[in-house]
Amino acid sequence: MRTKPYTRQIKTRIRELGADLAGVADIEPLQALETNPTDLLQGFTRAVSIAVHLPAAVFETISDKPNPLYNATYQTANRMLDELALRTANSLEKDGYSSLPVPASQILDQEKWLAAISHKAVARMAGLGWQGKNLLLITPEYGSRVRLVTVLTEAPLAVDGPVKNRCGTCTQCRDACPARAIKGASTTDHYQDREEALHFSRCAEKLSAEFARMTDIGNYICGVCIKACPFGRSTASR
Ligand code: B12
């Protein structure tokens with residue numbers, strides 16, 4: 001198996017299934033992440049990060065809180081991502097490589113707000129974008145208007161590297177945040193913990209105690225710091 005042509009073939013397959021971005025991270029640096037279960041990464045050598053973008057126009061319908069239109073798009077993107085991850089894992093398995101799809105939006109620890117693994121950390125190490133001041137993954141193509149999923153695999157794929165943070169002096173996400181949760185701190189690689197970038201409890205409480213209880217929402221969503229990011233904003237709404 002020649003690594004580079006096989007990696008290109010896998011990425012093409014993922015895009016043909018409907019993904020907008022795909023990259024490959026080495027598992028080794030990700031061992032430092034808290035995972036659930038703790039041995040989640042055992043036996044895997046690579047993590048494939050897959051992104052689906054949400055149209056900029058959807059975010060233009062948001063003012064200072066989520067709305068049912070964004071909620072529906074959020075749910076469709078999660079379904080697409082879970083399907084993309086499953087199809088990718090099955091396809092890699094058919095090629096002879098054990099592979100595990102990690103759900104797009106499953107919270108396993110409700111007290112600490114933790115999933116099986118951070119898709120943002122995987123995506124950053126897979127070169128899809130950088131971790132912005134809003135703590136989200138920012139891609140050059142779509143800004144934060146992407147949702148993410150991860151496939152852990154033992155397939156011998158060529159690794160992509162992190163890209164440089166391009167937030168600079170911009171503070172538009174901090175200024176727009178309805179919970180005043182974003183501190184506006186900069187990082188060259190990634191924040192050491194969530195508190196470095198956010199007043200974390202303000203964000204979590206706003207989404208769980210207020211937005212999720214709104215009529216026709218019922219999910220932990222917001223979308224305001226995503227809308228505020230100038231990267232990936234459509235020309236029409238700039
Ligand atoms: C729990 C959760 C929440 C909680 C807690 C949020 C939070 N800030 O942690 C609540 C409900 C509040 C929430 C809110 C939101 N969420 Co949310 N959430 C998750 C979920 C399910 C788990 C996150 C998790 O376990 N974090 C653990 C912490 C420690 O990790 P982290 O936040 O990624 O940050 C650390 C690492 O990234 C690390 N890191 C980065 N690079 C590297 C590299 C290495 C080598 C290492 C060791 C570490 C490292 O540095 C950070 C600080 O420690 C993920 C899905 C998933 N499985 O990832 C979605 C997810 C993070 N959410 C997402 C989104 C979009 C949102 C909202 C905008 C809501 C919405 N959809 O409208 C807000 C944004 C809040 C914000 N600005 O942070 C998207 C982010 C997409 C993107 N472009 O980045 C995700 C990835 C879902 C998805 N499938 O796309 N969310």
Side-chain angles (χ1 to χ4, degrees), residues 21 25-36 40-41 47 49-54 58-59 62 65-67 70-71 73-75 77-82 84-85 102-126 128-139 142-150 161-162 165 173-174 176-179 181-183 185 187-212 217 219-229 231-232:
L21 305 169
D26 185 7
I27 282 286
E28 222 26 65
L30 299 173
Q31 302 282 1
L33 287 170
E34 193 173 342
T35 63
N36 186 343
L40 179 76
L41 303 182
S49 179
I50 302 172
V52 164
H53 98 275
L54 276 58
V58 173
F59 292 94
I62 294 176
K65 52 176 152 337
N67 62 31
Y70 171 51
N71 192 32
T73 313
Y74 156 90
Q75 292 181 69
N78 284 345
R79 281 197 297 276
M80 268 181 80
L81 285 163
D82 284 339
L84 276 163
V102 180
S105 207
Q106 184 184 50
I107 300 176
L108 294 177
D109 184 332
Q110 294 280 350
E111 265 171 39
K112 287 160 76 184
W113 295 100
L114 289 177
I117 189 169
S118 165
H119 294 316
K120 285 183 283 183
V122 175
R124 198 180 74 76
M125 297 309 286
L128 263 53
W130 64 94
Q131 191 167 38
K133 288 179 187 165
N134 58 5
L135 195 67
L136 298 176
L137 183 89
I138 303 187
T139 66
Y142 308 108
S144 285
R145 297 164 188 78
V146 291
R147 292 193 65 75
L148 304 163
V149 80
T150 301
N165 186 310
C173 60
R174 181 197 68 185
C177 176
I182 299 173
K183 293 179 176 173
T187 181
T188 47
D189 49 18
H190 67 85
Y191 298 99
Q192 289 318 304
D193 54 42
R194 294 183 281 202
E195 278 302 325
E196 198 185 339
L198 298 184
H199 298 284
F200 177 67
S201 61
R202 290 188 194 171
C203 172
E205 269 162 37
K206 189 82 175 170
L207 270 64
S208 56
E210 189 179 330
F211 293 163
I217 301 295
N219 286 302
Y220 302 134
I221 59 169
C222 172
V224 179
C225 66
I226 301 181
K227 176 188 178 179
C229 182
F231 284 96

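Computed over heavy atoms, backbone and side chain alike; hydrogens, waters and symmetry mates excluded. Residues: numbered from 1 along the sequence shown. Atoms within each ligand, like the ligands themselves, are counted from 1 in listed order.
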[atom]: any protein heavy atom closer than 4.0 Å:
atom                    : answer
atom 85 (C) of ligand 1 : no
atom 62 (N) of ligand 1 : no
atom 9 (O) of ligand 1  : yes
atom 43 (C) of ligand 1 : yes
atom 37 (O) of ligand 1 : yes
atom 31 (P) of ligand 1 : yes
atom 19 (C) of ligand 1 : no
atom 67 (C) of ligand 1 : no

Short N/O distance, under 3.5 Å, between [X] and ligand 1?
X      : answer
Leu30  : no
Cys203 : no
Cys222 : yes
Gln192 : yes
Leu114 : no
Ile221 : no
Asn78  : no
Tyr220 : no
Asn134 : yes
Tyr70  : yes

Quick test: of every protein heavy atom, which one is nearest to [atom], and how far off is it to 0.1 Å?
atom                    : result
atom 90 (O) of ligand 1 : Leu148 N, 2.8 Å
atom 65 (C) of ligand 1 : Arg147 NH1, 3.5 Å
atom 33 (O) of ligand 1 : Ser118 OG, 2.5 Å
atom 21 (C) of ligand 1 : Ile107 CG1, 3.8 Å

### Summary
His53 meets the ring-ring contact (aromatic ring centres under 6.0 Å, His included) criterion, sequence neighbours left out, with Tyr142
### Query
What pairs with Asp26 under salt bridge (Lys or Arg N to Asp or Glu O under 4.0 Å), at least two apart in sequence or on another chain?
Arg46
### Query
So, does Ile182 sit close enough to ligand 1 that a heavy atom of it is under 4.0 Å from the ligand?
no
### Message
In this structure, does ligand 1 have an atom that sits under 4.0 Å from one of the heavy atoms of Val149?
### Response
no
### Task
Keeping the roles fixed (side chain from Asn134, backbone from Ile226), state whether a donor-acceptor pair exists under 3.5 Å.
no
### Task
Give a yes or no answer on whether the side chain of Asn165 reaches the backbone of Gly132 with a donor-acceptor pair at less than 3.5 Å.
no
Best match, [options]: closest heavy atom to [atom]:
atom                    : options                        : answer
atom 28 (C) of ligand 1 : Arg202, Arg194, Glu196         : Arg194
atom 52 (C) of ligand 1 : Trp130, Tyr191, Phe200, Trp113 : Tyr191
atom 35 (C) of ligand 1 : Lys120, Arg124, Gln131, Lys112 : Gln131
atom 14 (C) of ligand 1 : Asp189, Leu207, Asp82          : Leu207
atom 55 (C) of ligand 1 : Ser208, Ala121, Ala104         : Ala104

### Query
Do Tyr220 and Phe211 have ring centres separated by under 6.0 Å?
no
Close side-chain approach of [X] to [Y], heavy-atom, < 4.5 Å:
X      : Y      : value
Glu210 : Lys65  : no
Arg194 : Cys203 : no
Thr150 : His119 : yes
Pro66  : Tyr74  : no
Lys183 : His199 : yes

Rounded to the nearest 0.5 Å, what separation is found between the [atom1] atom of [X] and the [atom2] atom of [Y]?
X      : Y      : atom1 : atom2 : answer
Ile221 : Gln75  : CD1   : CD    : 7.5 Å
Cys229 : Lys133 : SG    : NZ    : 10.5 Å
Thr187 : Trp130 : OG1   : CH2   : 13.0 Å
Leu33  : Lys120 : CG    : NZ    : 11.5 Å
Ile138 : Cys173 : CD1   : SG    : 6.5 Å
Leu108 : Gln106 : CG    : CD    : 4.5 Å

Show me which atoms of ligand 1 lie under 4.0 Å from any heavy atom of [X].
X      : result
Val146 : 81 (C), 82 (C), 83 (N)
Ser144 : 83 (N)
Ala32  : 47 (C)
Ala204 : 12 (C)

### Query
Which of these, Asn78, Ile50, Val122, sits in a side chain to side chain contact (heavy atoms under 4.5 Å, CB included) with Val149?
Ile50
Taking heavy atoms and a distance under 4.0 Å, where does [X] meet ligand 1: side chain, backbone, both or neither?
X      : result
His190 : side chain
His119 : both
Leu136 : both

